[in-house]
Amino acid sequence: MFSQFSSYQPQLLSLLRIVAGLLFVTHGTAKVLGFPALEGLPPPGLSLAGLSGPLELLFGTLLVLGLFTRPVAFLAAGFCAVGYWAVHAGQGAIPLANGGELIALYCFVWLYFVAAGPGPWSVDAAMKRA
C-alpha cells in the first residue's frame, strides 16, 4: 500500500533537510538575535551555550540551502553529540528526563544526511548537475 510513496523519497529527503535546518536556525536566532524571545536562555559569550547560537545559525542555514551538506551535517552531528554529553547526559541517563531528546534527535538526523546526502532540492545537487 505504501510502496507508491517510494517514488517521492528524494523529494522528502530534501524536505526533511530543509525543515530540520529551519528548525535548527531558530535555535540560533533565539540565542543570537533574541528571536523568538525565550526565558532561560544563557547570555552569549565564550561558553558552550554562547558559541552554540552562531554555529546553529551557520550550520542550519547551510543545511537549509543544501550547501556542503555532508561535511556540514557531519560537523552539526558532532556539535550536537558534544552538546548532549556536555549539557544533558549529566542530568540523567534518559534523554526525555534530562531534556536532551531534541539535541539527540538532531544529532542522528544530521548523521543521516552525512550518509544520504542533501536530496535533489539543494545547491549541492544543482552544482553537481552543472
Side-chain angles (χ1 to χ4, degrees):
M1 174 176 154
F2 291 105
S3 62
Q4 66 194 23
F5 294 109
S6 294
S7 63
Y8 296 105
Q9 184 274 333
Q11 293 82 7
L12 289 173
L13 177 65
S14 291
L15 192 58
L16 175 62
R17 177 186 44 78
I18 292 165
V19 170
L22 285 171
L23 293 171
F24 206 59
V25 165
T26 64
H27 288 270
T29 60
K31 292 172 185 164
V32 173
L33 306 174
F35 179 80
L38 301 174
E39 285 187 38
L41 280 181
L46 294 177
S47 65
L48 183 60
L51 294 174
S52 66
L55 289 176
E56 289 161 343
L57 274 172
L58 176 64
F59 293 158
T61 300
L62 291 171
L63 289 162
V64 167
L65 296 172
L67 181 60
F68 310 120
T69 302
R70 284 188 161 114
V72 170
F74 180 78
L75 293 172
F79 164 77
C80 290
V82 168
Y84 178 82
W85 289 105
V87 176
H88 299 281
Q91 300 174 26
I94 300 170
L96 182 61
N98 69 24
E101 75 270 47
L102 184 57
I103 197 168
L105 181 60
Y106 273 127
C107 180
F108 284 94
V109 167
W110 302 142
L111 194 60
Y112 175 68
F113 283 103
V114 173
W121 299 338
S122 65
V123 174
D124 289 341
M127 290 189 316
K128 190 175 183 180
R129 286 189 299 266

(message) Can you list, by chain and residue number, the hydrophobic cluster partners of Phe35 when the side-chain cut-off is 4.5 Å?
(response) none
(request) Mind checking the NE2-CG spacing from His27 to Leu55? Nearest 0.5 Å is all I need. (result) 14.0 Å
(request) With sequence neighbours left out, write down each residue that passes side chain to side chain donor-acceptor pair (under 3.5 Å) with Ser52, or none if nothing qualifies. (result) Lys31
(message) Run the ring pair (Phe, Tyr, Trp, His ring centres under 6.0 Å) test against Phe113 and tell me which residues pass, sequence neighbours left out.
(response) none
(request) Check side chain to side chain contact (heavy atoms under 4.5 Å, CB included) between Ala86 and all other residues, then give those that pass, not counting sequence neighbours. (result) Leu48
(message) Applying a strict under-4.5 Å side-chain criterion to I, L, V, M, F, W and Y, I'd like to know whether Leu13 and Val19 cluster together.
(response) yes
(request) Scan for side-chain hydrogen bond (donor to acceptor under 3.5 Å, both in side chains) pairs involving residues 65-74, sequence neighbours excluded, and state none if there are none. (result) Thr69-Asp124
N/O donor to acceptor pairs below 3.5 angstrom from side-chain atoms of residues 115-122, sequence neighbours left out:
unit_1 : atom_1 : unit_2 : atom_2 : d
Ser122 : OG     : Gly119 : O      : 3.0
Ser122 : OG     : Ala125 : N      : 3.0

(message) Among residues at least two apart in sequence or on other chains, which ones pass side chain to side chain contact (heavy atoms under 4.5 Å, CB included) with Leu58?
(response) Leu62
(message) If I compare all heavy atoms of Phe74 with all of Val114, which pair ends up nearest, and what's the gap?
(response) N-CG2, 3.3 Å
(request) Determine, using the 4.5 Å side-chain heavy-atom cutoff (strictly less than), whether Leu23 and Leu111 are members of one ILVMFWY cluster. (result) no
(message) Under the salt bridge (charged side-chain N to carboxylate O under 4.0 Å, His left out) definition, can you give me all pairs with a residue in residues 1-21, not counting sequence neighbours?
(response) none
(request) Kindly work out whether a path of hydrophobic side-chain contacts (I/L/V/M/F/W/Y, heavy atoms less than 4.5 Å apart) joins Ile18 to Leu105. (result) no
(request) Indicate if Val64 and Tyr106 have the same hydrophobic cluster label, given that clusters are the connected sets of ILVMFWY residues with side-chain heavy-atom separations under 4.5 angstrom. (result) no
(message) Is it the case that the ring center of Phe59 lies less than 6.0 angstrom away from the ring center of Trp110?
(response) no
(message) Show me the pairs that pass side-chain hydrogen bond (donor to acceptor under 3.5 Å, both in side chains) and involve residues 80-92, at least two apart or across chains.
(response) Tyr84-Asn98
(message) Restricting to side chain to side chain contact (heavy atoms under 4.5 Å, CB included), what partner residues turn up for Thr29, sequence neighbours left out?
(response) Val25, Thr26, Leu33, Pro36, Leu57
(message) I'd like to know if Leu75 and Ile103 are part of one continuous hydrophobic network [Ile/Leu/Val/Met/Phe/Trp/Tyr, side-chain heavy atoms within less than 4.5 Å].
(response) no
(request) With rounding to the nearest 0.5 Å, note down the distance linking CG in Leu63 to CD in Glu56. (result) 12.0 Å
(message) Can you list everything that forms a side chain to side chain contact (heavy atoms under 4.5 Å, CB included) with Phe5? Sequence neighbours excluded, please.
(response) Phe2, Tyr8
Extract all donor-acceptor atom pairs below 3.5 Å that involve side chains of residues 76-83 and protein atoms in other chains or at least two apart in sequence.
none

